[in-house]
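Below is one structure, written out as structure tokens, with a few remarks after it.
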Amino acid sequence: MSRIEFSATIGSVRTQLDLIAIGRVSVDLYGQQIGTRLEDVATFAKAVGGCPANVAIGAARLGLRSALISRVGDEPMGRFVTEQLAREGVEARGVVVDGRRLTSLVLLSVRDEHTFPLIFYRDNCADGALCEDDIDEGLVASSQAILVTGTHFSIPEAARAQRKAIDVAKAHAGKVILDIDYRPNLWGIGGHGAGESRYAPSATVTNTLTSVLPDCDLIVGTEEEMHVAAGREDTLEAIRHIRTLSDAVIVCKRGAKGCVIFPGDIPQVLEDGLVAAGMDVEVYNVLGAGDAFLAGFLRGYLRGEPHEVSARFGNACGALAVSRLLCSPEFATLAELNHYLANGSTHRALREDSRLNHLHWATTRRRGLRSLQVLAMDHRSQLEEMAIRLDAPLERLAKLKLLAVDAATRVAAGREGFGMLLDGTHGTAALRHAARQNLWLARPVERQGSRPLEFEGTGSLAAQLLQWPAELTVKCLCLYHPEDAADLRQAQERNLLRVAAACRAQGRELLLEIIAGKHGELREDTVARVLARIYELDIRPDWWKLEPQPGPNAWARCAQVLAENDPFCRGILVLGLDAPMEELTRSLTAAAASPIVRGFAVGRTIFASAAQAWLSGQISDEAAIEDIAGRFGALVQVWSSARDPRLDRPERSAN
């Protein structure tokens, strides 16, 4: 997701940001086994967490220009945080890299809808060392609003940093937003084992927060958080007391009941405030749902929407978050929020809504490439047959694939939009080498030549994928013709569903390769019929890889199927099928006219002659690299010459 660059005007002050969140940022490790004790969790999913970071990410996903002021360690977890903030479009200029402290960690699990064991690892952590010097006055002055959080008022130096930010914001007509964000454990109440606790009365906490309330324009908290901020355990009485200290808009979050907003005088009955009912959804994990709510509310509040609209945004974002496991990675994008508000869901357990899930995936996955030119070197049986025929050791194939990586790297010359298809049989070393060259990478899962489709290896496909590097795209070739026998189609479709489910469960992109022409007539509608059938199965690949089509009408039919079923699809790559260079040139030139075709993935046409000469000892390593690079570069030139660059627009934004 790229950052939106524009300014908003507030009074006479021009701002570059909508929101700066200040305070906690952590790496959250979520137990993936649901319904068990934290002691018994076996595997964890990693995410950026901490209330301010969550809100900053949630706001960015909803189209607000957000930033974070905090600290991370100078180590891999700190780099994970800053890299993820960049991917989310959150300005991280205010995130200080602390060379003496570690990024804070949180371990948590889900026992049931009421029980969420949680441990904070925050002893001398990086974000806890936030200080006044970390507050960039120019950065704060550039924002329409700042968000301060209650937890960071528990640390004296961090409290001074937040107070400095408040003073700077108010001096530049910025709004001050307080998320009470009360965790007793982080105020030293209850001990390390009490991380799950949400409320404990404390005069110290009340006195500290009371001093902040008069400076706020918006105060947000749960009923229990209102209690601790006011030092009163009746919700209406607490809100009335807060009103005596602050003119802020007060938003009381009430979980499944939604929220109540008090922009002015406090009524005699809590429900006489501006009530915004919550959504009726199944609760899967409440952790982070309040941060998602605030991000949604701020989408409306900072854009000048009526409070009713802001609350509707907030409640919908909270509902989507509470139905999923993780915090920030599962927060809604604007496209997802708009779809949910417009269409609702037939599923009370929103995580089971495939349309919402796909929209979430498609608008949160990593930024896509405008075009992709790929050297396909994932061949196994063909190269093994060649090596045997030439009496060359099969071990030489691994070296050949390394040479191919060097050839692709030479053609790419550091530019984006180049990649390789490499296998795990002979291409393991090449995959590691290519990963260091900034190349897009995909690896096959199919058993080569299988029909019906079968997968390489034994056992669970999902278990195999767990061991792959996260950036690898899963490539699956299916030899599928729409007029195949019913039992063959059903067998193929069962495994297509398996690979699609495994990819989504693990957050992996799927490149689905369809070859129909080897097993039946290739007419204008043949491949389009296959694509339509796969979409009927609720399978939505990120990429398609298709054989050259019999004419422009065939490409148009394919494009129409994609447009009707998945406007977020990254596009189609054309494959080569070992065609002669002259024939492949004609095919690529014809395909380049279709906007949905975004490049090519070609193999044997490029490497076959060099592979044969090298395996037989006729040419050197350098000569093989030069030959492969020359042919690959020639196809790149064919594509570039035929392609109208206006067709390669950036992918659709989540915002």
Side-chain angles (χ1 to χ4, degrees), residues 1-3 17 19-31 44-62 64-108 118-131 133-136 139 143 146-149 151-152 155 158 161-162 165 179 181 183 186 195 287-288 291-292 294-295 321 325-331 333 364-367 469-471 507:
M1 187 190 307
S2 60
R3 185 174 169 223
L17 294 167
L19 176 71
I20 297 174
I22 305 170
R24 279 194 294 140
V25 63
S26 61
V27 173
D28 290 354
L29 300 174
Y30 280 79
F44 293 85
K46 182 177 65 174
V48 173
C51 171
N54 284 339
V55 176
I57 289 172
R61 288 188 170 189
L62 297 175
L64 295 178
R65 302 148 301 164
S66 67
L68 179 68
I69 293 178
S70 188
R71 285 192 180 203
V72 296
D74 186 12
E75 25 78 5
M77 292 300 98
R79 287 189 287 278
F80 165 69
V81 169
T82 55
E83 290 171 11
Q84 186 62 27
L85 291 174
R87 281 192 287 268
E88 296 283 4
V90 176
E91 170 63 64
R93 180 157 46 101
V95 178
V96 175
V97 177
D98 188 327
R100 295 187 297 166
R101 299 172 180 86
L102 295 172
T103 306
S104 66
L105 298 177
V106 180
L107 267 64
L108 55 159
L118 184 154
I119 303 174
F120 291 100
Y121 288 81
R122 295 185 54 82
D123 185 19
N124 195 32
C125 64
D127 70 62
L130 190 74
C131 67
D133 290 343
D134 297 334
I135 304 300
D136 181 332
L139 180 64
S143 182
I146 64 166
L147 169 67
V148 293
T149 48
T151 296
H152 254 49
I155 306 169
Q162 291 202 122
D179 186 331
D181 181 37
R183 293 282 190 175
L186 300 183
L287 300 172
D291 302 336
L294 181 53
L325 177 60
L326 305 180
C327 287
S328 64
E330 313 236 61
F331 286 2
T333 62
T364 58
R365 64 191 169 194
R366 296 192 180 198
R367 182 180 65 87
E471 66 272 13

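Keep in mind it's a predicted model, so treat the numbers as computed, not measured.
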Report yes or no: does [X] contribute a side-chain atom to a donor-acceptor pair with the main-chain N or O of [Y] at less than 3.5 Å?
X    : Y    : value
R61  : F331 : yes
E330 : L325 : yes
T103 : S26  : no

Please tell me if the side chains of [X] and [Y] come closer than 4.5 Å, counting only heavy atoms from C-beta onward.
X    : Y    : result
Q162 : T149 : yes
T364 : T333 : yes
V106 : V27  : no
V72  : T82  : yes
V90  : V95  : no
P52  : R24  : yes
D181 : H152 : no
V55  : L19  : yes

request  = Classify the side-chain pair S66/E91 by whether it contains a donor and acceptor separated by less than 3.5 Å.
outcome  =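 No donor-acceptor contact under 3.5 Å links the two side chains.
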message = Quick check on D123: does its CG atom have over 12 non-hydrogen neighbours (other residues, nucleotides or ligands) under 6.0 Å away?
response = no
inquiry  = Please determine whether the number of non-hydrogen atoms from other residues, nucleotides or ligands lying under 6.0 Å from atom OH of Y121 exceeds 12.
reply    = no
request  = List the steps, then state whether side-chain contact (heavy atoms from CB on, under 4.5 Å) holds for V25 with V48.
outcome  = CA-CA 7 Å; V25 63; V48 173; 4.1 Å; yes
message = Is the terminal nitrogen or CZ of K46 (NZ for Lys, CZ for Arg) located under 6.0 angstrom from the six-membered ring centre of F80 and within 45° of that ring's axis?
response =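 So K46 does make the cation-pi contact.
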inquiry  = Working note: L118 + L107, criterion side-chain contact (heavy atoms from CB on, under 4.5 Å); need CA distance, chi angles, decisive distance, verdict.
reply    = CA-CA 6 Å; L118 184 154; L107 267 64; over 6 Å; no
query = Going through the checks in order, is the side-chain contact (heavy atoms from CB on, under 4.5 Å) test met by R93 and D136?
reply = CA-CA 9 Å; R93 180 157 46 101; D136 181 332; 3.8 Å; yes
Spatial distance of atom [atom1] ([X]) from atom [atom2] ([Y]) [nearest 0.5 Å]:
X    : Y    : atom1 : atom2 : answer
S143 : R65  : OG    : CZ    : 8.0 Å
L147 : I20  : CG    : CD1   : 10.5 Å
T151 : L186 : OG1   : CG    : 5.0 Å
R87  : I57  : CZ    : CD1   : 10.0 Å
L294 : N54  : CG    : CG    : 10.5 Å
Y30  : L108 : OH    : CG    : 5.0 Å

ask   = Which residue pairs satisfy the salt bridge (charged side-chain N to carboxylate O under 4.0 Å, His left out) criterion with at least one member in residues 77-86, sequence neighbours excluded?
value =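 For residues 77-86, and leaving out neighbouring residues, the salt bridge (charged side-chain N to carboxylate O under 4.0 Å, His left out) pairs sorted by first residue read D74-R79.
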message = Run S104 and D127 through side chain to side chain donor-acceptor pair (under 3.5 Å) and show every step you take.
response = CA-CA 7 Å; S104 66; D127 70 62; 3.0 Å; yes
request  = Please list, chain by chain and in numerical order, all residues satisfying side chain to side chain contact (heavy atoms under 4.5 Å, CB included) with P469, sequence neighbours excluded.
outcome  =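 Result, side chain to side chain contact (heavy atoms under 4.5 Å, CB included) vs P469: E471, L472.
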query = Are R71 and C131 close enough, and set up right, to give a side-chain contact (heavy atoms from CB on, under 4.5 Å), and what steps lead you there?
reply = CA-CA 10 Å; R71 285 192 180 203; C131 67; 3.6 Å; yes
